[in-house]
Amino acid sequence: MHLSEQEIIRREKLQQIIDLGIDPYPAPLFPVSHTSIEILEGYQEEILEDGTKNRLNFQEVALAGRLMVARPGGKASFANIQDAHGRIQIYVRRDDICPDDDKTLYDILFCKLLDIGDYIGVKGYVFKTKTGEVSIHVKELTLLSKALKPLPVVKTDHDGNVYDAFTDIELRYRQRYVDLTVNRGIKDIFIKRAKMIQVIRDYLLDHGALEVDTPVLQNIPGGAAARPFITHHNALDIPLYLRIANELYLKRLIVGGFDFVFEFSRNFRNEGMDRTHNPEFTVLEFYVAYKDYFWMMDFTEKLLEKIALTLYGTTDVQVGEQIISFKAPFRRISILEAIQEKTGIDISEMDEQGLMDVCKQLHIETQPSMGKGKLIDEIFGATAEKSFIQPTFITDYPVEMSPLTKKHRSKAGLVERFELMINGKEVANAYSELNDPIDQRARFEEQVQLMERGDDEAMFIDHDFLRAMEYGMPPMSGIGFGIDRLAMLFTNQSSIQEVLFFPQMRGEGQ
RNA sequence: GAUUCCGUAGCUCAGCCGGUAGAGCAAUACACUUUUAAUGUAUGGGUCCUGGGUUCGAAUCCCAGCGGGAUCACCA
């Protein structure tokens, strides 16, 4: 193993610590009593008539964290420790932590052998220094874990200027632990993401939903049009697929008598990666019996409004250069109207050849395998999709590209489906779900024909799913939310990798 | 997958019309004994992504590969 000079020095220090009889990785718990932020926000003192200060709280505290900045001196030192919530200054006086003649703990351990990144625990009382900084006067100091690699040292001055930030994107993603440790604001992105998910979960639970788990390993990868990852079960000697969606399983549960189920589903798709696609990603799907897609639009816009209000206290959220308003209700427009609005072309009565001609006219590439539905989707994607910045429900898609969706109650050739577009991207996809088993079987068979025409993303027939439907499936509406995309919106990030702790990377090839 | 840019010390970067490497922070030592990105002086630290090629000589030019970013295409 190749070690840098600094790593060698730290290993030597580690040995010296051991030689002093100090365990660099002690086992006993450290009784943390407060967090940095509790102290920084809660410290109180009063100034007496004679001008002296009287500390009112935090007479005994115990904190643990990483040593991040040290300004050692001969008899007293200042340093910062960083815990999960922030940084706080500590004041270490030699004669306090070494009350006897033996000053080793201060002179050697603290001044010589501790490094940036080491975990320490301190006990003492809180005071305000003469420069006005709330600090911990340390009475007792414990090494909790020695760090053998040097962290990047990122410094911020009082004007908020950052010096020597750890910015290499590849290193930040590969060593997210370092990114989280040294770069301010990274944790906040993930905390916001977690809060967003919590708001959604609470909202669903408040409306009577049941959170469920369904298989990740599936015999038939159903519920979406996508290329799956394939794996193999040794004992059964069968191929298994990592799920591309959980839709068909949640619907089986509705058949079984639940009326509102949801799952945060990690899905896997063996397709390209870019700043909005990771091979594994999270989709929230939920299904509600006896509802239709109009109900789902109402429910969805209220949910998003609630997320915005909870995270930001307002419905207006800054996303890139845009201010996005999550104030319900959202605009609703059918896909055919949207295309007409953006291009002036009315394609509602066109057949496959007519659509092909429109594509040619608009310089959109087509494949012979594309059916009518796919062509309409291509036209929408090329001409209209990106222009929907404010939340908009695009409704009433062609039946060909929606094999799991109920036929529209009044518009022939269309289905009761909507996609929610925000900032030019699809965030959610929902239907009045198809529950007619005869129709469902026919739709699957059309998918088989598409597959034979060369569409490698057409759906497989799931006979068990059809069987379930034949037992009777109540009418319902369902939706899938791209949780990562939603997290990008609500944290103002333009790359999916910034909202995933560990985005997919190639091997480092050691 | 295509195009394009990038890969130099622990971190951030300079050096790139070829002459075998520099800065700041970090580290080490000494001095100073202190506050708040940054005290001073000195020192150490590099398979310049990897492998080939051109050349007397390659971090620098050429080719291939590996890894990453951006844009485009497909997909959520």
Side-chain angles (χ1 to χ4, degrees), chain A residues 2-10 12-13 68-80 87-94 111-112 115-117 129-133 135 147-175 178-179 182-183 224-227 244-245 265 267-285 364-365 367 374 377-378 381-382 419-421 425-429 455-457 480-486 488 494-497 503 505-510:
Chain A
H2 174 263
L3 293 178
S4 71
E5 181 192 37
Q6 293 193 45
E7 289 173 300
I8 292 166
I9 289 168
R10 288 196 180 210
E12 288 167 0
K13 288 178 175 177
M68 293 307 279
V69 183
R71 294 177 287 275
K75 293 201 175 83
S77 304
F78 290 95
N80 289 0
R87 284 189 191 186
I88 190 165
Q89 177 166 273
I90 60 172
Y91 175 65
V92 184
R93 208 157 63 185
R94 182 168 71 176
C111 288
K112 298 282 184 190
D115 288 299
I116 289 170
T129 63
K130 61 183 180 215
T131 54
E133 179 157 349
S135 307
L148 296 182
K149 281 182 177 294
L151 286 170
V153 176
V154 180
K155 296 183 179 177
T156 309
D157 67 18
H158 284 296
D159 297 331
N161 299 311
V162 178
Y163 300 83
D164 300 314
F166 179 58
T167 53
D168 185 297
I169 289 173
E170 180 176 357
L171 290 180
R172 285 185 48 233
Y173 296 162
R174 287 194 193 279
Q175 302 183 35
V178 175
D179 189 32
V182 304
N183 284 335
R227 279 205 299 278
I244 57 175
S265 170
N267 293 347
F268 306 84
R269 297 192 184 172
N270 204 344
E271 295 168 344
M273 309 166 47
D274 59 30
R275 67 182 201 294
T276 57
H277 296 85
N278 196 67
E280 57 181 287
F281 59 104
T282 303
V283 172
L284 163 71
E285 291 201 27
I364 298 166
E365 272 187 51
Q367 305 283 336
K374 184 76 177 162
D377 193 44
E378 289 289 321
E419 292 193 355
L420 174 59
M421 309 296 305
K425 302 224 168 58
E426 181 194 335
V427 168
N429 183 17
D455 186 344
D456 60 357
E457 291 180 345
F481 275 94
I483 289 296
D484 309 295
R485 298 267 175 92
L486 213 52
M488 287 165 66
S494 57
S495 166
I496 196 170
Q497 296 163 306
M505 302 288 264
R506 286 179 203 268
E508 284 184 83
Q510 312 249 327

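In the text below, chain A, chain B and the rest are named by the order of the sequence lines, each starting its count at 1.
- Taking atom P in both A29(B) and C11(B), one finds a spacing of 22 Å when rounded to whole Å.
- The phosphate of G68(B) (OP1 or OP2) has no side-chain N or O of Gln497(A) nearer than 4.0 angstrom.
- Note on Asp168(A): only backbone sugar-phosphate atoms sit closer than 4.0 angstrom, heavy atoms only; bases stay farther off.
- Comparing the same atom, P, in U60(B) and in G15(B) gives a spacing of 15 Å after rounding to whole Å.
- Of the candidate nucleotides U28(B), A37(B), U12(B), U12(B) has the atom lying nearest to any side-chain atom of Phe166(A).
- Nucleic acid contact class of Arg174(A) (heavy atoms, under 4.0 Å, all strands): sugar-phosphate only.
- Nucleotides C56(B) and G46(B), compared at atom C1', are 25 Å apart to the nearest Å.
- If you check every strand for non-hydrogen atoms under 4.0 Å, Asn429(A) touches nothing.
- Residue contacts for Ala165(A): at a heavy-atom cut-off of 4.0 Å it reaches the sugar-phosphate backbone alone, with no base atom in range.
- As judged by a 4.0 angstrom heavy-atom cut-off over every strand, Thr167(A) is placed among residues touching the sugar-phosphate backbone only.
- On the C1' atoms, A73(B) is 11 Å away from U3(B), given to the nearest whole Å.
- In this structure, Tyr163(A) does not count as stacked on the base of A38(B) under the 5.5 Å centre distance and 30° plane angle limits.
- At a threshold of 4.0 angstrom between heavy atoms, the contacts of Glu426(A) are confined to the sugar-phosphate backbone, with no base atom among them.
- Taking atom C1' on both U12(B) and G1(B), the two are 34 Å apart, rounded to the nearest angstrom.
- Comparing U8(B) with C49(B), their P atoms sit 6 Å apart, to the nearest whole Å.
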Legend entry - Trace of the side chain to side chain contact (heavy atoms under 4.5 Å, CB included) decision for Met273(A) with Ile496(A): CA-CA 10 Å; Met273(A) 309 166 47; Ile496(A) 196 170; over 6 Å; no
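- Leu151(A) comes within 4.0 angstrom of no nucleic acid atom, judged by non-hydrogen atoms across all strands.
- Across all strands shown, Glu7(A) has no heavy atoms under 4.0 Å from either base or sugar-phosphate atoms.
- U71(B) and C48(B) are spaced 32 Å apart, taking the P atom of each and rounding to whole Å.
- For Lys130(A) and U35(B), the shortest distance from a side-chain N or O to OP1 or OP2 is below 4.0 Å.
- Of the residues Asp164(A), Ile116(A), Val69(A), the one that meets the side chain to side chain contact (heavy atoms under 4.5 Å, CB included) test with Val153(A) is Ile116(A).
- At a threshold of 4.0 angstrom between heavy atoms, the contacts of Glu378(A) are confined to the sugar-phosphate backbone, with no base atom among them.
- Residue contacts for Arg275(A): at a heavy-atom cut-off of 4.0 Å it reaches the sugar-phosphate backbone alone, with no base atom in range.
- Looking at heavy-atom distances under 4.0 Å, Arg269(A) makes contact with a base.
- Comparing the C1' positions of G45(B) and A9(B) gives a spacing of 6 Å, expressed to the nearest Å.
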